[in-house]
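Fair warning: this is a prediction, and the values are worked out from it, not measured in the lab. For the numbers below, each heavy atom of this structure counts, side chains included, while hydrogens, waters and symmetry mates do not.
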Amino acid sequence: GKTTAGSVAMPAGHVVQVVTTAFTTEFEHSGSTEAAITGFAVTITPQYNTSKIMIIVSLTMGSGTSSGHHFRIKRTISGGSPTGVGVGSGSGSSLTFAGDGANGDTNRAHSISYHAHDTENTTTATTYQMNHQEFGSQTMHMNTNTSQGGQAFDDNFASHITAMES
């Protein structure tokens, strides 16, 4: 039989490894220029060049009443250029997912979850970076609500990004 680590045949869909980054920093961004959410990234080194990678994102943000918040997962294989993952096709911006900032109560924050699949065909270290782009006139407040006025309801949150190889 196959008993050494280098020759073990795993069943299809088997999870090989999971890497998670907990992002607990408050981060703010406004404007229509896409920007990296500094520190909100995960790096995985796939064991097999035939692996599939599932990226799972869970984030909490606060915003004002007239904004749309667009997010993009960007993959960078060590030494390469960033490429959008799980993006749409067709005309317009190729974004991964979006959140609506249309919340009239700045004391509230809301959570967004998303997952994307990637087949990168490499065994080189690969980083998945979260980026943000705002459409409207309100600042996105990551891991907190918008008011941040020192009230009892000004909560702090953690967001997570996970890469799972199968």
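A salt bridge links E34 with R72: the closest approach of a Lys/Arg side-chain nitrogen to an acidic carboxylate oxygen falls below 4.0 angstrom.
Between the side chain of S78 and the main chain of A125, no donor-acceptor pair closer than 3.5 Å is present. Between the E165 side chain and the Y48 main chain, a donor and an acceptor come within less than 3.5 Å of each other. Panel note: side chain T126, backbone T124; a donor-acceptor pair is recorded below 3.5 Å.
For K74 against P82, the heavy-atom pair with the smallest separation is CD-CB, 3.9 Å. Contact detail for I44 and P46: the closest heavy-atom pair is O-CD, 3.5 Å. When all heavy atoms are compared, the tightest approach of Y114 to G86 is OH-O, 3.4 Å.
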Steps toward side chain to side chain contact (heavy atoms under 4.5 Å, CB included) verdict (N121, T50):
CA-CA 6 Å; N121 301 318; T50 56; 5.9 Å; no

Go through it in stages, so that I can follow the logic: the residues are I161 and M130, the test is side chain to side chain contact (heavy atoms under 4.5 Å, CB included), and I'd like the CA-CA distance, side-chain angles, deciding distance and then a yes or no.
CA-CA 8 Å; I161 183 168; M130 286 304 308; 3.9 Å; yes

Assess whether side chain to side chain contact (heavy atoms under 4.5 Å, CB included) is satisfied between H132 and H70, documenting all intermediate values.
CA-CA 6 Å; H132 171 261; H70 297 193; over 6 Å; no

So Q47 and T123, side chain to side chain contact (heavy atoms under 4.5 Å, CB included) or not? Walk me through it.
CA-CA 6 Å; Q47 299 296 309; T123 55; over 6 Å; no

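Taken to the nearest 0.5 Å, the NE2 atom of H14 stands 9.5 Å off from the OG atom of S166. Rounding to the nearest 0.5 Å gives a distance of 13.0 Å between OG of S58 and NE2 of H115. A distance of 3.0 Å separates CE in M54 from CE in M164, rounded to the nearest 0.5 Å. Within the model, atoms CD1 of I56 and OH of Y128 stand 12.0 Å from one another, a figure rounded to the nearest 0.5 Å.
Side-chain contact between F157 and T24 is absent, with no heavy-atom pair separated by less than 4.5 Å. Between V42 and T127 the shortest side-chain heavy-atom distance does not fall below 4.5 Å. E120 is listed as a side-chain neighbour of I53, based on a closest heavy-atom distance under 4.5 Å.
When each of I55, T83, D118 is paired with I73, the side-chain contact (heavy atoms from CB on, under 4.5 Å) condition holds for I55 and for no other. Among N131, V57, I37, the single residue meeting the side-chain contact (heavy atoms from CB on, under 4.5 Å) criterion with F71 is I37.
Side-chain heavy atoms closer than 4.5 Å link hydrophobic residues (I, L, V, M, F, W, Y) into clusters, and following such links, even through other members, never connects V19 to I77.
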